Amino acid sequence: MAEPILQVRDLRTHFFADEGLVRAVDGASFDLHAGQTLGIVGESGCGKSVTARSILRIVERPGRVVGGEILLRRRNGQLTDVARLPSDGAEMRSIRGGEIGLVFQEPMSSLSAFHTIGNQLIEAIRLHSDLGKKAARARAIELLAMVGIPRPSQRVDSYSFELSGGLRQRVMIALALSAEPRVLIADEPTTALDVTTQAQILALIRRLQQERDLAVILITHDMGVIAEMADDVVVMYLGKEVEKGSVDAIFHAPRHPYTRSLLRSIPSVLAAPRSRLATISGSIPHPLSRPAGCPFHPRCAEKIGAICETTAPAETVLPDGHAAACHLLTRAPATVPA
Ligand code: SF4
(Lines give C-alpha, C1' and ligand atoms only; values in the text may rest on other atoms or scores of the structure.)
Protein backbone atom coordinates (compact mmCIF):
# COMPACT_ATOMS: atom_id res chain seq x y z
CA MET A 1 0.00 0.00 0.00
CA ALA A 2 1.25 3.52 -0.79
CA GLU A 3 2.59 5.71 1.99
CA PRO A 4 -0.10 7.70 3.79
CA ILE A 5 -0.30 11.40 2.90
CA LEU A 6 -1.12 12.27 6.49
CA GLN A 7 -0.29 10.43 9.72
CA VAL A 8 -1.72 11.78 12.95
CA ARG A 9 -0.09 10.26 16.04
CA ASP A 10 -1.38 10.75 19.59
CA LEU A 11 -2.56 14.29 18.81
CA ARG A 12 -3.37 16.31 21.90
CA THR A 13 -4.89 19.79 21.77
CA HIS A 14 -5.76 21.44 25.05
CA PHE A 15 -7.45 24.71 25.98
CA PHE A 16 -5.99 26.61 28.89
CA ALA A 17 -9.15 28.45 29.96
CA ASP A 18 -9.38 30.63 33.08
CA GLU A 19 -11.83 28.08 34.51
CA GLY A 20 -9.44 25.14 34.02
CA LEU A 21 -7.87 22.81 31.49
CA VAL A 22 -10.01 21.41 28.67
CA ARG A 23 -8.53 18.38 26.87
CA ALA A 24 -10.43 18.98 23.63
CA VAL A 25 -8.39 16.34 21.76
CA ASP A 26 -6.61 13.83 23.95
CA GLY A 27 -4.87 11.20 21.88
CA ALA A 28 -6.17 10.94 18.30
CA SER A 29 -4.20 8.74 15.86
CA PHE A 30 -5.04 7.84 12.27
CA ASP A 31 -3.59 7.54 8.76
CA LEU A 32 -4.98 9.09 5.59
CA HIS A 33 -4.19 7.87 2.06
CA ALA A 34 -4.77 9.37 -1.40
CA GLY A 35 -8.26 8.58 -2.64
CA GLN A 36 -9.47 7.62 0.86
CA THR A 37 -12.29 9.25 2.82
CA LEU A 38 -11.83 9.11 6.56
CA GLY A 39 -14.97 10.03 8.48
CA ILE A 40 -14.56 11.49 11.96
CA VAL A 41 -17.86 11.23 13.80
CA GLY A 42 -19.26 12.07 17.21
CA GLU A 43 -21.66 14.42 18.93
CA SER A 44 -20.89 18.12 19.09
CA GLY A 45 -18.14 18.79 21.65
CA CYS A 46 -16.38 15.45 21.09
CA GLY A 47 -13.26 17.06 19.59
CA LYS A 48 -13.69 16.32 15.90
CA SER A 49 -13.59 19.94 14.68
CA VAL A 50 -10.67 20.74 16.99
CA THR A 51 -8.85 17.78 15.41
CA ALA A 52 -9.38 19.38 11.96
CA ARG A 53 -8.31 22.81 13.19
CA SER A 54 -5.23 21.28 14.82
CA ILE A 55 -4.15 19.70 11.52
CA LEU A 56 -4.45 23.12 9.87
CA ARG A 57 -2.93 24.85 12.92
CA ILE A 58 -5.84 27.26 13.25
CA VAL A 59 -6.82 26.43 16.83
CA GLU A 60 -7.85 29.63 18.54
CA ARG A 61 -6.41 30.76 21.86
CA PRO A 62 -6.43 29.70 24.64
CA GLY A 63 -6.11 26.37 22.81
CA ARG A 64 -2.92 24.90 21.39
CA VAL A 65 -1.49 21.62 20.14
CA VAL A 66 0.43 20.30 23.16
CA GLY A 67 1.56 16.90 21.94
CA GLY A 68 1.69 14.31 19.22
CA GLU A 69 2.67 14.44 15.58
CA ILE A 70 0.89 15.54 12.41
CA LEU A 71 3.09 14.11 9.67
CA LEU A 72 2.29 15.46 6.22
CA ARG A 73 3.87 13.92 3.11
CA ARG A 74 4.55 17.02 1.00
CA ARG A 75 4.32 17.25 -2.78
CA ASN A 76 8.11 16.97 -2.97
CA GLY A 77 8.03 13.74 -0.92
CA GLN A 78 9.41 15.39 2.23
CA LEU A 79 7.75 14.49 5.54
CA THR A 80 6.85 17.54 7.65
CA ASP A 81 5.55 17.45 11.22
CA VAL A 82 2.94 20.19 10.97
CA ALA A 83 2.53 20.14 14.76
CA ARG A 84 6.06 21.57 15.11
CA LEU A 85 5.62 24.46 12.64
CA PRO A 86 4.84 28.00 13.85
CA SER A 87 1.11 28.35 13.15
CA ASP A 88 1.49 31.78 11.52
CA GLY A 89 4.79 31.14 9.71
CA ALA A 90 5.27 31.14 5.93
CA GLU A 91 5.55 27.34 5.70
CA MET A 92 2.27 26.76 7.52
CA ARG A 93 0.55 29.44 5.41
CA SER A 94 1.67 27.65 2.27
CA ILE A 95 0.49 24.25 3.58
CA ARG A 96 -2.86 25.72 4.62
CA GLY A 97 -4.83 25.97 1.38
CA GLY A 98 -1.83 24.92 -0.73
CA GLU A 99 -1.54 21.30 0.44
CA ILE A 100 -4.55 20.95 2.74
CA GLY A 101 -7.85 22.58 1.76
CA LEU A 102 -10.68 23.23 4.20
CA VAL A 103 -14.44 23.48 3.76
CA PHE A 104 -16.39 24.76 6.74
CA GLN A 105 -19.99 24.15 7.75
CA GLU A 106 -21.17 27.71 7.28
CA PRO A 107 -19.89 29.36 4.11
CA MET A 108 -21.43 32.73 5.03
CA SER A 109 -18.95 33.11 7.89
CA SER A 110 -16.01 32.08 5.69
CA LEU A 111 -16.82 34.09 2.54
CA SER A 112 -16.45 37.86 2.60
CA ALA A 113 -19.64 39.81 1.98
CA PHE A 114 -17.61 42.78 0.72
CA HIS A 115 -15.74 41.11 -2.14
CA THR A 116 -17.07 39.25 -5.15
CA ILE A 117 -16.59 35.50 -5.12
CA GLY A 118 -14.32 35.96 -8.14
CA ASN A 119 -12.01 38.33 -6.26
CA GLN A 120 -11.85 35.92 -3.32
CA LEU A 121 -10.98 33.07 -5.67
CA ILE A 122 -8.39 35.19 -7.52
CA GLU A 123 -6.74 36.12 -4.22
CA ALA A 124 -6.55 32.44 -3.14
CA ILE A 125 -5.23 31.36 -6.55
CA ARG A 126 -2.52 34.04 -6.60
CA LEU A 127 -1.48 33.29 -3.02
CA HIS A 128 -0.37 29.81 -4.06
CA SER A 129 0.73 30.42 -7.68
CA ASP A 130 2.45 33.00 -9.85
CA LEU A 131 -0.54 33.54 -12.14
CA GLY A 132 -1.28 37.14 -13.21
CA LYS A 133 -4.70 38.70 -12.55
CA LYS A 134 -6.17 37.82 -15.94
CA ALA A 135 -5.06 34.19 -15.85
CA ALA A 136 -6.22 33.88 -12.23
CA ARG A 137 -9.66 35.19 -13.22
CA ALA A 138 -9.86 32.62 -16.02
CA ARG A 139 -8.85 29.93 -13.51
CA ALA A 140 -11.52 31.20 -11.06
CA ILE A 141 -14.17 30.77 -13.77
CA GLU A 142 -12.85 27.27 -14.49
CA LEU A 143 -13.07 26.40 -10.79
CA LEU A 144 -16.66 27.67 -10.58
CA ALA A 145 -17.56 25.51 -13.59
CA MET A 146 -15.78 22.54 -11.98
CA VAL A 147 -17.98 22.76 -8.89
CA GLY A 148 -21.15 23.05 -10.96
CA ILE A 149 -21.95 26.77 -10.63
CA PRO A 150 -24.24 27.67 -13.54
CA ARG A 151 -23.07 30.52 -15.83
CA PRO A 152 -19.68 30.76 -14.11
CA SER A 153 -18.39 33.65 -16.23
CA GLN A 154 -21.25 35.80 -14.92
CA ARG A 155 -21.41 34.37 -11.39
CA VAL A 156 -17.74 35.17 -10.88
CA ASP A 157 -18.77 38.79 -10.28
CA SER A 158 -21.51 37.91 -7.75
CA TYR A 159 -21.32 38.49 -4.01
CA SER A 160 -21.84 35.59 -1.65
CA PHE A 161 -25.14 36.98 -0.33
CA GLU A 162 -26.57 36.77 -3.86
CA LEU A 163 -26.13 32.98 -3.90
CA SER A 164 -28.17 30.17 -2.32
CA GLY A 165 -26.68 28.12 0.55
CA GLY A 166 -25.86 25.27 -1.84
CA LEU A 167 -24.09 27.55 -4.34
CA ARG A 168 -22.15 29.22 -1.53
CA GLN A 169 -20.95 25.82 -0.35
CA ARG A 170 -19.88 25.04 -3.95
CA VAL A 171 -17.87 28.28 -3.96
CA MET A 172 -16.24 27.21 -0.66
CA ILE A 173 -15.25 23.92 -2.27
CA ALA A 174 -13.82 25.80 -5.29
CA LEU A 175 -11.82 28.00 -2.90
CA ALA A 176 -10.60 24.98 -0.93
CA LEU A 177 -9.41 23.28 -4.13
CA SER A 178 -8.05 26.42 -5.84
CA ALA A 179 -4.42 25.50 -5.13
CA GLU A 180 -4.87 21.81 -5.98
CA PRO A 181 -4.32 20.46 -2.44
CA ARG A 182 -3.97 16.70 -2.05
CA VAL A 183 -5.88 16.69 1.25
CA LEU A 184 -9.35 18.15 1.77
CA ILE A 185 -10.87 18.57 5.23
CA ALA A 186 -14.64 19.03 5.11
CA ASP A 187 -16.02 20.04 8.51
CA GLU A 188 -19.80 19.40 8.61
CA PRO A 189 -20.01 20.57 4.96
CA THR A 190 -23.71 19.85 4.60
CA THR A 191 -25.15 20.44 8.08
CA ALA A 192 -26.65 23.84 7.21
CA LEU A 193 -28.24 22.59 3.97
CA ASP A 194 -31.57 20.98 3.09
CA VAL A 195 -31.60 17.25 2.33
CA THR A 196 -31.58 17.60 -1.48
CA THR A 197 -28.76 20.14 -1.52
CA GLN A 198 -26.88 18.01 1.02
CA ALA A 199 -26.98 15.02 -1.35
CA GLN A 200 -25.75 17.22 -4.24
CA ILE A 201 -22.81 18.60 -2.23
CA LEU A 202 -21.79 15.11 -1.05
CA ALA A 203 -21.97 13.86 -4.65
CA LEU A 204 -19.81 16.82 -5.73
CA ILE A 205 -17.17 16.07 -3.07
CA ARG A 206 -17.16 12.40 -4.12
CA ARG A 207 -16.75 13.27 -7.81
CA LEU A 208 -13.93 15.74 -7.18
CA GLN A 209 -12.22 13.22 -4.92
CA GLN A 210 -12.33 10.55 -7.60
CA GLU A 211 -11.13 12.93 -10.33
CA ARG A 212 -8.19 14.15 -8.23
CA ASP A 213 -7.40 11.15 -6.02
CA LEU A 214 -7.97 13.49 -3.08
CA ALA A 215 -7.53 12.31 0.50
CA VAL A 216 -10.61 13.54 2.37
CA ILE A 217 -11.28 13.95 6.09
CA LEU A 218 -15.02 14.30 6.53
CA ILE A 219 -16.16 15.56 9.91
CA THR A 220 -19.79 15.02 10.79
CA HIS A 221 -22.20 14.14 13.59
CA ASP A 222 -24.33 12.27 11.05
CA MET A 223 -23.84 8.49 10.74
CA GLY A 224 -25.96 8.58 7.56
CA VAL A 225 -23.34 10.83 5.90
CA ILE A 226 -20.59 8.50 7.15
CA ALA A 227 -22.37 5.46 5.66
CA GLU A 228 -22.62 7.20 2.31
CA MET A 229 -19.15 8.69 2.08
CA ALA A 230 -16.52 7.13 4.33
CA ASP A 231 -14.08 4.27 3.68
CA ASP A 232 -12.80 4.32 7.24
CA VAL A 233 -14.21 5.85 10.41
CA VAL A 234 -12.90 7.31 13.66
CA VAL A 235 -15.50 7.67 16.41
CA MET A 236 -14.64 10.33 19.01
CA TYR A 237 -16.06 10.99 22.45
CA LEU A 238 -14.90 13.74 24.83
CA GLY A 239 -11.65 14.26 22.93
CA LYS A 240 -10.82 10.55 22.84
CA GLU A 241 -10.87 8.16 19.94
CA VAL A 242 -13.18 5.39 21.18
CA GLU A 243 -13.41 3.25 18.04
CA LYS A 244 -11.95 3.13 14.56
CA GLY A 245 -12.15 0.76 11.62
CA SER A 246 -13.46 0.31 8.12
CA VAL A 247 -16.96 1.62 7.45
CA ASP A 248 -18.16 -2.02 7.15
CA ALA A 249 -16.69 -2.97 10.52
CA ILE A 250 -18.15 0.09 12.22
CA PHE A 251 -21.65 -0.46 10.79
CA HIS A 252 -21.80 -4.26 10.88
CA ALA A 253 -19.75 -5.14 13.96
CA PRO A 254 -19.48 -2.04 16.15
CA ARG A 255 -17.43 -2.80 19.26
CA HIS A 256 -17.99 0.29 21.39
CA PRO A 257 -21.31 1.03 23.14
CA TYR A 258 -21.07 4.70 22.08
CA THR A 259 -20.81 3.68 18.41
CA ARG A 260 -23.79 1.35 18.87
CA SER A 261 -25.77 4.26 20.37
CA LEU A 262 -24.87 6.53 17.44
CA LEU A 263 -25.99 3.82 15.01
CA ARG A 264 -29.32 3.37 16.79
CA SER A 265 -29.98 7.10 16.39
CA ILE A 266 -29.96 6.92 12.55
CA PRO A 267 -33.48 7.38 11.14
CA SER A 268 -34.55 4.21 9.28
CA VAL A 269 -36.99 3.94 6.40
CA LEU A 270 -37.93 0.55 7.87
CA ALA A 271 -39.01 2.04 11.21
CA ALA A 272 -42.70 1.85 12.08
CA PRO A 273 -44.60 5.07 11.30
CA ARG A 274 -44.51 7.53 14.23
CA SER A 275 -41.99 5.39 16.11
CA ARG A 276 -39.60 7.42 18.22
CA LEU A 277 -35.98 7.73 17.15
CA ALA A 278 -33.55 6.25 19.70
CA THR A 279 -31.42 8.89 21.41
CA ILE A 280 -28.30 8.53 23.53
CA SER A 281 -29.25 8.90 27.17
CA GLY A 282 -27.91 11.93 29.03
CA SER A 283 -25.70 14.55 27.47
CA ILE A 284 -21.99 15.04 26.94
CA PRO A 285 -20.47 16.07 30.31
CA HIS A 286 -19.10 19.59 30.67
CA PRO A 287 -15.52 19.49 29.37
CA LEU A 288 -14.24 20.80 32.72
CA SER A 289 -15.84 17.95 34.67
CA ARG A 290 -14.66 14.95 32.75
CA PRO A 291 -15.77 11.65 34.34
CA ALA A 292 -13.09 9.41 35.81
CA GLY A 293 -12.52 6.00 34.24
CA CYS A 294 -14.25 5.53 30.91
CA PRO A 295 -15.50 8.98 29.84
CA PHE A 296 -18.70 7.41 28.46
CA HIS A 297 -19.64 5.56 31.67
CA PRO A 298 -22.35 7.97 32.95
CA ARG A 299 -24.30 7.37 29.71
CA CYS A 300 -23.37 3.79 28.91
CA ALA A 301 -26.21 1.26 28.90
CA GLU A 302 -23.69 -1.61 28.80
CA LYS A 303 -21.51 -0.56 31.76
CA ILE A 304 -20.00 -3.65 33.37
CA GLY A 305 -19.24 -2.36 36.85
CA ALA A 306 -16.88 -0.29 38.96
CA ILE A 307 -13.97 -0.75 36.57
CA CYS A 308 -15.79 1.49 34.06
CA GLU A 309 -15.96 4.26 36.69
CA THR A 310 -12.35 4.03 37.84
CA THR A 311 -10.14 2.84 35.00
CA ALA A 312 -9.82 4.34 31.54
CA PRO A 313 -10.04 1.49 29.01
CA ALA A 314 -7.02 1.00 26.77
CA GLU A 315 -7.47 0.55 23.03
CA THR A 316 -7.82 -3.08 21.92
CA VAL A 317 -6.80 -3.74 18.31
CA LEU A 318 -8.52 -6.68 16.62
CA PRO A 319 -6.75 -8.75 13.92
CA ASP A 320 -8.41 -6.82 11.07
CA GLY A 321 -7.17 -3.50 12.46
CA HIS A 322 -10.58 -2.58 13.87
CA ALA A 323 -9.93 -1.03 17.30
CA ALA A 324 -11.98 0.14 20.29
CA ALA A 325 -11.35 1.37 23.82
CA CYS A 326 -13.86 -0.43 26.04
CA HIS A 327 -13.51 -2.86 28.96
CA LEU A 328 -16.05 -5.14 27.26
CA LEU A 329 -13.36 -6.16 24.78
CA THR A 330 -10.88 -7.29 27.41
CA ARG A 331 -12.96 -8.22 30.46
CA ALA A 332 -15.84 -10.22 29.02
CA PRO A 333 -15.24 -11.04 25.37
CA ALA A 334 -18.08 -13.57 25.41
CA THR A 335 -20.58 -10.81 26.14
CA VAL A 336 -19.54 -8.59 23.22
CA PRO A 337 -22.41 -8.47 20.78
CA ALA A 338 -21.47 -9.62 17.27
FE1 SF4 B 1 -19.41 1.27 28.66
FE2 SF4 B 1 -17.57 0.39 30.37
FE3 SF4 B 1 -17.18 0.15 27.73
FE4 SF4 B 1 -17.08 2.53 28.90
S5 SF4 B 1 -15.67 0.82 29.26
S6 SF4 B 1 -18.11 2.03 27.02
S7 SF4 B 1 -18.66 2.33 30.46
S8 SF4 B 1 -18.77 -0.86 28.96
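Keep in mind it's a predicted model, so treat the numbers as computed, not measured. Read the numbers this way: they start at 1 and go in the same order the structure lists the ligands and their atoms.
- Counted by atom type alone, Thr316 and Thr330 present zero donor-acceptor pairs between their side chains at under 3.5 Å.
- The distance from atom OH of Tyr237 to atom CG of Leu262, rounded to the nearest 0.5 Å, is 10.0 Å.
- Ring orientation note: the planes of Tyr258 and His256 are nearly perpendicular, at an angle over 60° on the 30°/60° scale.
- Salt bridge Asp157/Arg137: present, at least one basic N to carboxylate O contact under 4.0 Å.
- A salt bridge links Arg212 with Glu180: the distance from a Lys NZ or Arg NE/NH1/NH2 to an Asp or Glu carboxylate oxygen falls below 4.0 Å.
- Here atom 1 (Fe) of ligand 1 has protein N, O or S atoms under 2.8 Å from it, and they come to 1.
- Within 6.0 Å of atom CD in Glu123, 12 or fewer heavy atoms from other residues, nucleotides or ligands are found, so the atom counts as exposed in its surroundings.
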